[in-house]
There are 2 protein chains.
Amino acid sequence: MSFSTKGEYGVRLMAQLARRFGDGPASLTDVAEEEGLPRAYLEQLVISLRDADLVQSTRGAHGGYELTRAPETIVMGEVLRALEGPIAPMICASDDPNHMACSRSGHCMVNFMWVRVRDAIAGALDSMTLADLVPPAVRMHPDFPATPVTIAD
Amino acid sequence: MSFSTKGEYGVRLMAQLARRFGDGPASLTDVAEEEGLPRAYLEQLVISLRDADLVQSTRGAHGGYELTRAPETIVMGEVLRALEGPIAPMICASDDPNHMACSRSGHCMVNFMWVRVRDAIAGALDSMTLADLVPPAVRMHPDFPATPVTIAD
DNA sequence: CTCATATCCGACGGTTTTGGTCGGAATTGC
DNA sequence: GCAATTCCGACCAAAACCGTCGGATATGAG
């Protein structure tokens, strides 16, 4: 009944990047310091986020990471899935609709329950975006809310 | 983003007890065999369930465990909480409304997200009872549905 | 060119949790 | 007394988790 700290740290990292959105790449050193998290560990986490195309990296001096899309367009479900894999409270309750894994006689309705729980979690997560985690007051770039949600591919 | 097998096994154990409700105590040996689970391990789990007053035990020969209340009155939230502790997707999101644990400057809205997720899980869990997991066809005792939800005392 | 700053990447290690076993004591019906 | 059970604590192996370390690579600035 819990997410790993991988999830927590990753979300905090993303929240920082959302806050700095529009200011160019932010180094992990900065983020780690401000958030009070171990930099070396964030390095690991951010790889998953990059592989999921949620952030993009710029190498070399003055490099760092930045969001690939506006915070308003990034739902938290994406973030958590990138960090922790598919949302399945139980192995038995993966995203496959014809699960059939539970071969117990036929009185095994427990699977049904896990699916309901999974949908509840996914629903909650997908109803929030990164922007919801960043109060407008602490945004770095004032122009940022002006950016309409036109994701020019 | 997952429950432990403690949760899964415990729920299946409870489902079995629900199925046999009204037949007197059921031994763990029986349940374990029918469900294909290690008996010695179930012994551990059932202790939590007993401490939470969800099942009661009868020691000695022909003893075993049985539900203390009718399956319809036992919500799954209770079961999971008994097995896995409080439902908190993150340490930060415990049941205390004035959490204040997150002392990060003030731009830390992430906590808010975990609370939403927790509520979603709890909501889903508390909207189902043990009886929902047991199709009427496989009930052991036909009288069982006749028992109205009058929890005497 | 050199240097400082970054990402990138694989390996490693320690602690904790998980999933489960074992042996035996206590209890009770027959 | 005997067999069936709960009860309980100790123990254990494997995996996951959290995090470190060292170094390779890339790049902008002076």
Given DNA chain D, 5'-ward residue of the pair A:G60 and A:Y41, judged by closest heavy atom: A:Y41
Earlier contact from the 5' end, DNA chain D, for B:V46 and A:K6: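 Nearer the 5' end of the strand: B:V46.
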Whole-Å distance between [N] [atom2] and [X] [atom1]?
X: B:L45; N: D:dC8; atom1: CG; atom2: C1'; value: 15 Å
X: B:L28; N: D:dC7; atom1: CG; atom2: P; value: 9 Å
X: B:D30; N: D:dA4; atom1: CG; atom2: C1'; value: 11 Å
X: B:L37; N: C:dG19; atom1: CG; atom2: C1'; value: 12 Å
X: A:L49; N: C:dT7; atom1: CG; atom2: C1'; value: 14 Å
X: A:L42; N: C:dC8; atom1: CG; atom2: C1'; value: 15 Å
X: B:E33; N: D:dA4; atom1: CD; atom2: P; value: 14 Å
X: A:E84; N: D:dA16; atom1: CD; atom2: P; value: 14 Å

Of the candidate nucleotides [options], which contains the atom at the shortest distance from the side chain of [X]?
X: A:R39; options: C:dC30, C:dT7, D:dA3; result: C:dT7
X: A:R50; options: C:dC9, C:dA11, C:dG29; result: C:dC9
X: A:P38; options: C:dG19, D:dT6, D:dG19; result: D:dG19

Side-chain heavy-atom pair B:D126, B:M76 within 4.5 angstrom cut-off: no
Validation row: B:L37, B:L42 side chains within 4.5 angstrom (heavy atoms): yes
Side-chain N or O of B:Y9 closer than 4.0 Å to phosphate OP1/OP2 of C:dG20: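 It does, given that an N or O in the side chain of B:Y9 lies less than 4.0 Å from OP1 or OP2 of C:dG20.
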side-chain N/O B:S57 vs D:dT5 OP1/OP2, d < 4.0 Å: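 Looking at the OP1 and OP2 atoms of D:dT5, neither is under 4.0 Å from any side-chain N or O of B:S57.
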Lys/Arg-Asp/Glu bridge criterion (N-O < 4.0 Å) met for A:R20, A:E34: yes
Note: A:R19-A:E35 ion pair, threshold 4.0 Å (strictly below):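 Not counted as a salt bridge, because no side-chain N and carboxylate O are separated by less than 4.0 Å.
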With no angle test and no hydrogens, is the base of [N] tied to the side chain of [X] by a donor-acceptor pair under 3.5 Å?
X: B:Q44; N: C:dG19; value: no
X: B:R59; N: C:dT27; value: no
X: B:E43; N: D:dT5; value: no

Sugar-phosphate, base or nothing in reach of B:T29, heavy atoms under 4.0 Å: nothing
Sugar-phosphate only, base, or nothing, as touched by B:I47 at under 4.0 Å among non-hydrogen atoms: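 Nothing: the residue B:I47, judged by heavy atoms under 4.0 Å, touches no strand.
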Plane angle bin for B:W114 and A:F3 - parallel if under 30°, tilted between 30 and 60°, otherwise perpendicular: tilted
